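Data block below; observations after.
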Amino acid sequence: MSDDRRQGRKNDVRAQGGRGLERPQTDFVQPARRVAYEVIAAVRESDAYANLLLPSRIKRAALSTADAALATELTYGTLRMQGFYDRVIADAAGRPVTAIDPAILDVLRLGAHQLLSTRVATHAAVNESVELARQVGSHAATGFTNGVLRTISRSSADEWRERVLTEATSDDDRLAAEHSHPIWVVRAFRQSLRLEGRETELEELLSADNAAPKVNMVILPGLSNTEDTDGLGVANDFSPIGFVLAGGDPVHLMQDSGGRLRVQDEGSQLAALTLSRARPVAPGERWLDLCAGPGGKASLLAAEALAGGASLVANELVPARAALVRKALAAVPGEVPVWEEDGTRFGDDHPKEFDRILLDAPCTGLGALRRRPEARWRKQPKDVAELSDLQSGLIHAALGALKPGGVLAYVTCSPHIAETRGIVATALKKWEGRVRTLDTASVLQGLSSSELDLPGDGGSVQLWPHRHGTDAMFITLLERTE
């Protein structure tokens, strides 16, 4: 944020009686609540990512295990259900949330979550929220906060749910309100499920987005033994190289293993394995991870390439993300080059150079709303169109960089049709006669530990949180024929 914009925001806060975040803290707000508020405010003010910021704030505040768990629940719970809480707050306040000072709105959202979705005592939720409002707002704001939260506390969660749903203007608006998703996301999910003949699963999917995900770990193939994970958890449902962590801090586990064990969603594991195990590896093959940041899939591919006698090149245009890729690859023996080139130029700069390419394309991230709940409020329909142009450019470049007979895995962490099947269909039309779709579903079923429920024609695979317990990963294998 520029200095002018930052100063403008402070002036706006003062105009509403606010005092900003510079006010000295007191001891009246429990540390877990303060950490949760700070992260929620940072998400709003500076587009921070909660999953990256929260651990550092917990560490800085030296929270106990219990307080860290509370801060995590308050942060993610508030961000997930923000849309629903905003409707409750608007009703209780008698004004739209856009008319409420943003800092105070954050306090109200956090308080509403405690009142409606946790076992926190009413007096603790209200009193500490009022104190928090005093620290970040004005004297008038404390009375306003107290009044709104007292009004919310007079009705049960079920009563508020009924009231909010009664005010919905359509079936999609009702689903958007109840499950706290923007209505355009609800409609996009419905359209994708409809293509599978599974539209009736929409509410189940929306509910799954609001459930805390499991912590999945990956064991880099050939670099660590499954015996090293005995007692740490249970095997994944589908990925043969991972497990679900039973408990504890995964950071220490990753550090102790030298990076050979790491956190990675099961869907991401399957996406990388679909490429590396699409066919037997011929020694000397060259592989490319075209958009490798932050490096999770690249490290898995590097381990798979090493085991098969192939070599991997990782590419990441953004220098900061390229640094993360290098860090992720450090656990894999040998040299894995990390390039910082424009992915859309690979077809011209590296024609017919690679045997296998992973294109994990930049996308809206709508498939990972369980892990990054704020993304649902951050993205807009126009973002899909802008990203689709980039995705089309990247898949065209990737096919150009692929050797005849080579395989491309097009992957997105989004089920939006415009980012998935639409991109593939456009590429197939442009490369008609030179590219064909492989039976992605058969490849994935062949490597999976148990059978996956995969409706459709098999050319593309869409994984789902509610059906597979993974992020909503889309995977299509394409072969260049000439």
Side-chain angles (χ1 to χ4, degrees), residues 40 43-44 47 49-51 73-91 96-98 105-106 108-110 112-113 116-117 157 160-196 198-213 265 267 363-385 387 412-420 462-474:
I40 292 166
V43 166
R44 171 181 53 79
D47 284 342
Y49 291 92
N51 64 319
E73 159 56 27
L74 294 180
T75 301
Y76 284 109
T78 300
L79 291 172
R80 285 188 184 106
M81 298 304 295
Q82 176 180 308
F84 177 79
Y85 297 145
D86 280 1
R87 297 186 190 223
V88 172
I89 291 166
D91 194 308
V97 293
T98 53
L105 181 56
D106 286 339
L108 291 172
R109 289 165 172 164
L110 185 57
H113 177 64
L116 300 178
S117 302
W160 276 113
R161 175 181 176 276
E162 185 63 30
R163 188 178 305 177
V164 167
L165 297 187
T166 299
E167 296 171 355
T169 57
S170 66
D171 287 343
D172 283 346
D173 190 43
R174 180 188 65 80
L175 289 171
E178 182 174 11
H179 298 285
S180 199
H181 284 63
I183 194 168
W184 73 272
V185 174
V186 172
R187 290 168 176 164
F189 286 177
R190 183 194 299 279
Q191 186 180 18
S192 186
L193 285 169
R194 184 182 293 140
L195 285 180
E196 296 184 344
R198 299 289 189 89
E199 187 178 346
T200 56
E201 297 179 2
L202 179 57
E203 286 203 61
E204 190 180 354
L205 167 60
L206 296 173
S207 295
D209 267 352
N210 290 329
D265 177 69
C363 67
T364 56
L366 296 180
L369 298 185
R370 304 175 305 160
R371 302 178 192 281
R372 294 188 288 275
E374 69 275 9
R376 70 188 75 182
W377 313 117
R378 186 173 285 163
K379 299 297 182 181
Q380 302 294 331
K382 64 180 178 62
D383 297 326
V384 177
L387 285 164
T412 66
C413 189
S414 170
H416 197 296
I417 292 174
E419 300 187 89
T420 56
Q462 180 65 66
L463 301 175
W464 294 103
H466 68 289
R467 198 185 302 159
H468 307 110
T470 69
D471 289 344
M473 304 294 296
F474 175 84

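Everything quoted here is computed from the prediction, not taken from an experiment.
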Subject >> For E196, all residues meeting salt bridge (charged side-chain N to carboxylate O under 4.0 Å, His left out), sequence neighbours excluded >> reply: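 R467.
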Original post:
Within a radius of less than 6.0 Å around CG of D171, do more than 12 heavy atoms belonging to other residues, nucleotides or ligands occur?
Top reply: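 Atom CG in D171 is not packed in, count stays at 12 or less.
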Is any side-chain heavy atom of [Y] closer than 4.5 Å to one of [X]?
X	Y	result
L105	D86	yes
R376	L366	no
D91	V164	no
L206	E178	no
D265	P213	no
R371	N51	no

**OP:** Would you kindly say whether S414 and E419 are connected by a side-chain donor-acceptor distance under 3.5 Å?
**Re:**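 Yes - a donor-acceptor pair under 3.5 Å links their side chains.
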Original post:
Do you see a donor-acceptor pair shorter than 3.5 Å between the side chains of H181 and D209?
Top reply: yes
Roughly how far apart are [X] [atom1] and [Y] [atom2], rounded to 0.5 Å?
X	Y	atom1	atom2	result
R198	W464	CZ	CH2	11.0 Å
E203	T200	CD	OG1	10.5 Å
L175	S180	CG	OG	12.5 Å

**OP:** Could you give me the CA-CA distance, side-chain angles and deciding distance for V43 and R378, then say whether side-chain contact (heavy atoms from CB on, under 4.5 Å) is met?
**Re:** CA-CA 9 Å; V43 166; R378 186 173 285 163; 3.6 Å; yes
Original post:
Looking only at atom types and distance, does a side-chain atom of H468 sit under 3.5 Å from a main-chain N or O of T470, one as donor and one as acceptor?
Top reply: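 Here the side-chain-to-backbone pair does not exist.
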Subject >> Short side-chain to backbone donor-acceptor contact, N210 and H179, under 3.5 Å >> reply: yes
Tell me the closest heavy-atom pair linking [X] and [Y], and the distance in Å.
X	Y	answer
C363	L387	C-CD1, 3.5 Å
C413	D471	SG-CB, 4.1 Å
W377	Q380	O-NE2, 3.9 Å
K379	T364	CE-O, 3.3 Å
D173	A168	OD2-CA, 3.3 Å
T75	A50	CG2-CB, 4.5 Å

Subject >> Verdict with supporting geometry, R163 and E167, salt bridge (Lys or Arg N to Asp or Glu O under 4.0 Å) >> reply: CA-CA 7 Å; R163 188 178 305 177; E167 296 171 355; 5.9 Å; no
Quiz: residues 182-193 side-chain donor-acceptor pairs under 3.5 angstrom, not counting sequence neighbours:
from: R187; atom 1: NE; to: D172; atom 2: OD2; distance (Å): 3.1
from: R190; atom 1: NE; to: D172; atom 2: OD1; distance (Å): 3.4
from: R190; atom 1: NH1; to: E199; atom 2: OE2; distance (Å): 3.0
from: R190; atom 1: NH2; to: D172; atom 2: OD1; distance (Å): 2.4
from: S192; atom 1: OG; to: P415; atom 2: O; distance (Å): 3.1

Would you be so kind as to tabulate the donor-acceptor pairs closer than 3.5 Å made by side chains of residues 76-85, with sequence neighbours excluded?
from: T78; atom 1: OG1; to: L74; atom 2: O; distance (Å): 2.6
from: R80; atom 1: NH2; to: R370; atom 2: O; distance (Å): 3.1
from: Y85; atom 1: OH; to: H113; atom 2: ND1; distance (Å): 2.6
from: Y85; atom 1: OH; to: S117; atom 2: OG; distance (Å): 2.7

**OP:** Give the C-alpha distance, both sets of side-chain angles, the deciding distance and a yes or no for side-chain contact (heavy atoms from CB on, under 4.5 Å) between D106 and R44.
**Re:** CA-CA 9 Å; D106 286 339; R44 171 181 53 79; 2.6 Å; yes
